Amino acid sequence: MTYALPPLNALRAFEAAARHLSFKLAAHELHVTPAAIGQQVKALEARLGVQLFERLHKQLILTAAGQAYLPGVSEGFRHIAEATSQLKPAGAVLLQLGVHAGFDLRRLDLAAFREAHAEIGLRVLQPAGLHELVEGKVDLLIARSLGHHPGYRCNRVDDGSGLGDWLVAPEGAADCPEIVSFRAWLRAVTSESPRANRRPRLVGGVGS
């Protein structure tokens with residue numbers, strides 16, 4: 001059967017905002033701006049034809065429709081999360097890579113990494129930030145930052161200085177074989193073919 005579903009990003013925005021009763025806290029959780037959360041929720045309300053929140057001064061309140069909608073949406077996401085957790089990528093060692101929301105995963109050609117390293121089961125979480133790395137939800141992270149994080153080894157993915165994309169791993173785990181393999185592969189892919197100029201390049205390190 002075909003499921004009549006609203007856009008999943010809009011549902012995620014609604015569910016997070018409803019749990020926190022805050023666009024700001026929902027934005028922090030999903031690594032986007034509060035304005036983006038507000039726009040997603042507004043678009044969802046327009047699609048559904050019902051108002052989900054009362055937007056008061058510095059306060060967000062669920063309407064009766066929002067209160068009725070939230071349990072089913074949350075339960076749906078819980079079932080998806082549980083089903084996903086049961087899947088185990090092929091490979092003897094699981095490597096969980098976090099990626100910030102604005103990064104185009106097509107740049108990484110992860111299928112090539114999986115093919116070259118069949119012993120590593122690679123799983124990707126996007127969006128993800130330092131919060132997920134600190135909590136151990138991911139093993140290493142491609143973050144949009146200045147690359148200075150005490151206790152973490154940071155290698156720049158792109159050329160330039162200042163704000164950019166960095167591969168970040170905890171110092172204590174930065175030399176684990178699976179992380180070394182991913183770092184080395186990411187460094188190597190830029191010089192393998194003429195397409196390399198469209199791929200990331202590790203050009204420098206902080207804490208290495």
Side-chain angles (χ1 to χ4, degrees), residues 5-13 15-16 26-41 43-44 77 80-81 84 87 89-91 94-118 120-135 137-149 152-169 174 178-206 208:
L5 295 175
L8 291 181
N9 281 341
L11 288 177
R12 291 185 71 198
E15 197 272 341
H28 179 75
E29 176 181 321
L30 298 180
H31 304 285
V32 296
T33 65
I37 294 292
Q39 291 169 2
Q40 291 276 13
V41 171
L44 179 62
F77 281 129
I80 293 171
T84 301
L87 298 175
L94 177 63
L95 178 63
Q96 301 191 95
L97 170 68
V99 183
H100 71 81
F103 194 90
D104 186 354
L105 283 177
R106 290 175 297 182
R107 293 173 58 192
L108 296 179
D109 192 11
L110 294 178
F113 176 81
R114 292 186 173 105
E115 183 177 352
H117 297 277
I120 299 175
L122 179 65
R123 175 174 286 168
V124 178
L125 176 64
Q126 188 184 38
L130 282 174
H131 182 74
E132 283 73 20
L133 188 61
V134 170
E135 287 196 342
K137 294 178 180 178
V138 297
D139 302 306
L140 73 166
L141 172 72
I142 295 178
R144 185 73 174 171
S145 69
L146 294 173
H148 300 287
H149 305 292
Y152 293 86
R153 188 176 305 180
C154 305
N155 293 93
R156 185 148 189 151
V157 174
D158 50 1
D159 292 309
S161 59
L163 191 67
D165 294 328
W166 293 77
L167 186 66
V168 185
E178 60 273 18
I179 292 180
V180 170
S181 293
F182 187 83
R183 187 187 299 117
W185 176 85
L186 193 57
R187 182 182 296 116
V189 290
T190 58
S191 59
E192 288 178 351
S193 73
R195 296 175 56 198
N197 60 351
R198 298 201 298 270
R199 293 179 173 179
R201 179 187 308 169
L202 269 68
V203 297
V206 174
S208 57

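Only a predicted model underlies this, so the values are computations on that prediction, with no experimental measurement involved.
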Interatomic distance, R153 atom CZ to I179 atom CD1 [nearest 0.5 angstrom]: 9.5 Å
Is the count of non-hydrogen atoms from other residues, nucleotides or ligands lying under 6.0 Å from H117 atom NE2 greater than 12? yes
Would you give the length of the straight line joining atom CG of L125 to atom NZ of K137, rounded to the nearest 0.5 angstrom? 8.0 Å
Applying ring pair (Phe, Tyr, Trp, His ring centres under 6.0 Å), name anything that partners H31, two or more places apart in sequence or on another chain. none
To the nearest 0.5 Å, what is the distance between CD1 on I37 and CD on E29? 8.5 Å
Side chains of Q40 and N9, heavy atoms from C-beta outward: is any pair under 4.5 Å? yes
Over 12 foreign heavy atoms within 6.0 Å of CD, E135: yes
What heavy-atom pair brings F77 and L8 nearest, and what distance separates the two atoms? CZ-O, 4.2 Å
Please report the interatomic distance CD(Q96) to CG(L122), rounded to the nearest 0.5 Å. 9.5 Å
To the nearest 0.5 Å, what is the distance between CH2 on W166 and CG on L141? 13.0 Å
Can you list the steps and then say if D165 with H100 is a side-chain contact (heavy atoms from CB on, under 4.5 Å)? CA-CA 9 Å; D165 294 328; H100 71 81; 2.8 Å; yes
I need the single residue from L140, L95, L94, D139 that forms a side chain to side chain contact (heavy atoms under 4.5 Å, CB included) with E178. Which is it? L95
Going by the angle between their ring planes, with limits at 30° and 60°, are W185 and F113 parallel, tilted or perpendicular? perpendicular
Minimum heavy-atom distance between V180 and A174, given as atom pair plus value: CG2-O, 3.8 Å
Value rounded to 0.5 Å, distance of CG in L108 from CD1 in I142: 4.5 Å
Given Y152 and L133, is the side-chain contact (heavy atoms from CB on, under 4.5 Å) satisfied, shown in steps? CA-CA 10 Å; Y152 293 86; L133 188 61; 3.5 Å; yes
Looking only at non-hydrogen atoms, find the nearest pair between P127 and A101 and report the distance. CB-CB, 3.6 Å
